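Sequence lines set the chain letters: A, B, ... in the order given, protein chains first and strands last, and positions in each chain run from 1. Heavy-atom basis, side chains included; hydrogens, waters and symmetry copies ignored. The model shown is predicted, which means the values in this text are computed figures rather than measured ones.
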Number of protein chains: 2
Amino acid sequence: MNLSKHQTSHPTKSGATLADKALLAIQTSIIKGELAAGSKINEQALAEQYGMSRGPTREALLTLERRRLIVRTPHIGARVAELTIEELNDLYRLRSVLEGMACELAAQHINQEELAQLEALLVKQEQALAAGDTFFQKEGDVDFHYRIIQASRSKHLQETLIGGLYHLLRMYRYQCTNINRPTKALADHRRIVEAIAQRDGELASLLMRRHIEQGRKNTEKRLATLQQSQ
Amino acid sequence: MNLSKHQTSHPTKSGATLADKALLAIQTSIIKGELAAGSKINEQALAEQYGMSRGPTREALLTLERRRLIVRTPHIGARVAELTIEELNDLYRLRSVLEGMACELAAQHINQEELAQLEALLVKQEQALAAGDTFFQKEGDVDFHYRIIQASRSKHLQETLIGGLYHLLRMYRYQCTNINRPTKALADHRRIVEAIAQRDGELASLLMRRHIEQGRKNTEKRLATLQQSQ
DNA sequence: AACAGTTAGATTGTTGACAATAGACATGTG
DNA sequence: CACATGTCTATTGTCAACAATCTAACTGTT
């Protein structure tokens, strides 16, 4: 009666390997800024901090390199990625194209259940907006984009966005974003879902790209002030 | 102002770390099919084969996972990626969008020197075509796409395509492609370069996407016959 | 004081051994 | 014979020590 084997990427559960635990812990530290952007990473110190040896720690660092959250150079070591305006723009330009593509595919492939979940999410977001719950606004926003990407049914698109770009994106958003147009953003979301529901992938893609461009401007502005104050 | 520091992927030189050597060796074996698609990978056997311990070998496997050439599952191990028609289509769909984007950016940012190199490459390809040198036709094709991606000036686009997707793509192409329309392909390349030279990114993108679609059809056909014969 | 070369310390790369888990085989029971 | 249970082995996960390399301080010379 063997049931429920944990599959890949169960980073929240504790049954995972040490490398997975280290990955989750270090990644969280980086995204929150506890490990400052640009600072050096010491393998041994991290290993001791999490009560493990350097092996699993190194493995976690390899994965963090794939997620673009650190930069490794042979014999020298790893540094936390830096947040720059140039890279922010580069990142968002790519994200915009990819999520536009996700919208077109989602409009082709999404099913009724997923659509219902998306609309339920919109309702929750409205409630969070009314209640001033900024935490859920952020979480809900992430969730919204995730679901559309999932609905694209494209494995490589998912891997590229969720497995790759999104981690660095979260770092920018965590450190440089305050939601400043929640009503507008929510309206954007609603129109995107409508377009997908009507199987109008072209429109959904256009709306999504515009929506992301708004987010880029917002984040860019805040990053500029942050960097100026230093 | 530290300029020109190559980080990882020095795979051709021998001064690299053992992990890099293992990476290059294993990757070549996979792409050539010496390690068959779908077959299991044994860390210890690989380590012995290359005369090193399991540490660097594991590190190489981590990177190969990032490059989508293997699939790892905890406590079970790694398998070489499978080649399926569905994934081929998925892969090419993403590639098409990304290289279209690369063309638009390249049309904005390419400089005269890079343009001259591209046209020199076209000449070489013509010579290879005339001489029936199929090896250089393949190499030249890869080089053509690389240069355009480089000219896009987008770090994340380069990382996603060259650091990620292209490795798996090479596996498909190595195992499933014989060049069957070299004259047509070369004409495509020439028109794309012309469009980029004229700073017409939209046209270049369109031509590139069509060109890639041709390649997809070609590879799909050959993969289908290969799989049928087994 | 400025600079090159040298040396000591710290950090990463690598190794071989040990522990934990999965898969195969064998055994016993109905 | 089917099936559950329990070993047994092969493979992966983890560890602690060693080697190679980088960094920074120090020395001596001009």
Can a donor-acceptor pair be found, under 3.5 Å and without considering hydrogens, that links the side chain of B:Thr160 to the backbone of B:His156?
yes
When you match A:Glu59 and A:Ile76 each to their closest nucleotide on DNA chain D, which lands nearer the 5' end?
A:Glu59
Calculate the interatomic distance between B:Asn42 atom CG and D:dT9 atom P; express it in whole Å.
18 Å
Phosphate contact (C:dT12 OP1 or OP2) by A:Lys40 side-chain N/O below 4.0 Å:
yes
Ionic contact status for A:Arg66 with B:Glu65, cut-off 4.0 Å:
yes
How long is the line joining CD of B:Glu43 and P of D:dG13, in whole Å?
6 Å
In whole angstroms, the gap separating P of C:dT12 from CZ of A:Arg58 amounts to 8 Å
May I have the distance from A:Ile41 (atom CD1) to C:dG13 (atom P), rounded to whole angstrom?
13 Å
Describe the nucleic acid contact of A:Gly77 in one word from base, sugar-phosphate, nothing, applying a heavy-atom distance below 4.0 Å.
sugar-phosphate
Aromatic ring proximity B:Tyr146/B:Tyr166, centre distance under 6.0 Å
yes
Among D:dC15, C:dT15, D:dC22, the nucleotide that comes nearest once only the side chain of A:Met52 is considered:
D:dC15
The side chain of B:Leu18 lies closest to which of these nucleotides: D:dG13, C:dA22, C:dT14?
C:dT14
Using whole Å, what does the distance between atom P of nucleotide D:dT12 and atom CZ of B:Arg79 come to?
11 Å
Between atom CZ in B:Arg72 and atom P in D:dT11, what is the gap in whole Å?
16 Å
From the options A:Glu59, A:Gln27, A:Arg72, select the one residue that forms a side chain to side chain contact (heavy atoms under 4.5 Å, CB included) with A:Leu64.
A:Gln27
Considering only D:dA17, D:dT12, D:dT14, which nucleotide approaches the side chain of A:Arg54 most closely?
D:dA17
Between atom NZ in B:Lys21 and atom C1' in C:dT14, what is the gap in whole Å?
12 Å
Using a strict cut-off of less than 4.0 Å between a Lys/Arg side-chain nitrogen and an Asp/Glu carboxylate oxygen, indicate whether B:Glu48 and B:Arg54 qualify as a salt bridge.
no
Quickly work out the B:Leu46 CG to D:dT11 P distance and round it to whole Å.
12 Å
